[in-house]
Number of protein chains: 2
Amino acid sequence: MEKEKKYTIAECRQSLTAIKDVMELLSGKWKFRIIGGLMINGKMRFMDLLRTVDGIAAKMLSKELVELEQNELLTRTVLNTKPITVEYELTAHGKTLAPLITTIASWGISHRRFLFRKRKPVPQL
Amino acid sequence: MEKEKKYTIAECRQSLTAIKDVMELLSGKWKFRIIGGLMINGKMRFMDLLRTVDGIAAKMLSKELVELEQNELLTRTVLNTKPITVEYELTAHGKTLAPLITTIASWGISHRRFLFRKRKPVPQL
DNA sequence: CAGGATCCTTTACGATACTG
DNA sequence: CAGTATCGTAAAGGATCCTG
């Protein structure tokens with residue numbers, strides 16, 4: 001009874017573009033780590049992020065934060081302290097990434113198990 | 001009534017590793033295009049892929065296919081034809097990527113709409 | 001046809017030093 | 001503290017040519 005779902009050319013192209021958008025925005029070594037940190041901890045200052053996302057250099061963190069802010073995934077707030085401090089926080093839109101992250105993580109977990117069962121070498125934790 | 005979901009350190013680390021795995025496997029310019037093509041068309045020969053995934057060079061296609069095969073997302077079958085032909089097809093495991101792809105694509109679509117509503121410049125289709 | 005070899009360009013990322 | 005500037009390396013990707 002089930003009809004196989006078919007896709008129009010337009011739908012395919014739209015999806016491919018959307019995937020490309022997401023990849024350009026979120027791929028690289030740090031984006032998910034930054035977003036993940038903010039999801040768990042809420043508001044964080046630059047230094048907090050620098051410590052939490054370990055291994056990242058200030059220059060990279062700064063660059064990544066700008067990109068994320070331009071895409072309105074997070075807000076940047078400069079506080080009136082003696083040496084200034086800046087707080088970063090996910091926007092409501094940024095929080096909509098949660099299901100995406102969950103989906104990716106759970107496929108990744110099952111993929112790792114899959115390779116393990118096949119006795120394939122798997123990158124270290 | 002709802003309790004907020006909490007995560008242990010171990011769960012976080014596992015998720016981060018899983019996301020890193022997925023990104024290493026699927027990021028780059030071509031992987032999703034290749035997998036998408038195979039999802040829609042089923043079995044495809046090297047040349048079919050070269051034409052479908054437009055813009056890709058033979059060298060890149062070849063390299064990407066090897067990686068995907070090593071991860072058992074697809075199978076490679078050499079046929080007994082005069083000039084040999086090779087067929088690629090998603091494995092059952094490869095097909096489990098479908099929900100992941102759908103999730104990414106739909107977040108991407110709504111993100112693009114979000115930026116558009118805000119009158120932010122958006123990359124061309 | 002499928003794909004490897006070679007060479008080249010571009011982008012991502014890292015280390016260190018510096019400034020308001 | 002929150003960055004920027006400068007410089008350097010490594011990895012991704014592209015173009016072209018070659019072969020069983």
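Naming convention: chains lettered A, B, ... in sequence-line order (proteins, then strands); numbering from 1 in each chain.
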Checklist outcome for this item: When rounded to whole Å, the NZ to C1' distance for the pair B:Lys82 and C:dC1 reads 13 Å

Item to check | Rounded distance in Å - CE (B:Met60) to P (D:dT16) | outcome: 17 Å

Next on the checklist: Nearest whole Å is fine: how far is D:dC1 C1' from A:Asn80 CG?
Outcome noted: 14 Å

Checklist entry - Taking atom types as modelled, is there a side-chain donor on B:Asn71 or A:His111 under 3.5 Å from an acceptor on the other? => result yes

Checklist entry - To the side chain of B:Arg45, which of C:dG3, C:dA2, D:dA2 is closest? => result C:dA2

Next on the checklist: Looking at B:Arg76 and B:Glu87, is there a salt bridge between them, counting it only when a charged N and a carboxylate O are closer than 4.0 Å?
Outcome noted: no

Item to check | Atom-to-atom span, CG of B:Leu49 to P of C:dG3 - whole angstrom | outcome: 10 Å

Checklist entry - To the nearest angstrom, how far is A:Leu79 atom CG from C:dG20 atom P? => result 22 Å

Next on the checklist: Which is more 5' along DNA chain C, the nucleotide nearest B:Arg76 or the one nearest A:Pro83? Just name the residue.
Outcome noted: B:Arg76

Checklist outcome for this item: Of D:dA2, C:dG14, C:dA2, the nucleotide closest to the side chain of A:Lys29 is C:dG14

Next on the checklist: How many whole angstroms separate atom CD1 of A:Ile56 from atom C1' of D:dA2?
Outcome noted: 14 Å

Next on the checklist: Here's a test of your reading of the structure: between A:Gly28 and A:Ile84, which maps to the more 5' nucleotide of DNA chain C?
Outcome noted: A:Gly28

Checklist entry - Taking the inter-plane angle between the rings of A:Tyr88 and A:Phe46 on a 0 to 90° scale, is it parallel (under 30°), tilted (30 to 60°) or perpendicular (over 60°)? => result tilted

Checklist entry - Do any side-chain nitrogens or oxygens of B:Ser62 fall under 4.0 Å of OP1 or OP2 in C:dG4? => result yes

Next on the checklist: I need the CH2-P distance between A:Trp30 and C:dC13, as an integer number of Å.
Outcome noted: 9 Å

Next on the checklist: Looking at B:Thr96 and B:His93, would you say the former's side chain and the latter's main chain have a donor-acceptor pair under 3.5 Å?
Outcome noted: yes

Checklist outcome for this item: note: A:Leu61, atom CG; C:dC13, atom C1'; distance rounded to Å ~ 14 Å

Checklist entry - Counting distance only, does the side-chain N/O of B:Glu24 pair as donor-acceptor with the main-chain N or O of B:Asp21 below 3.5 Å? => result no

Checklist entry - Can you tell me if the side-chain N/O atoms of A:Tyr88 get under 4.0 Å from OP1 or OP2 in D:dC1? => result no

Next on the checklist: Suppose we call a contact any N or O donor and acceptor under 3.5 Å apart; does that hold for the side chain of A:Lys59 and the base of C:dG14?
Outcome noted: yes

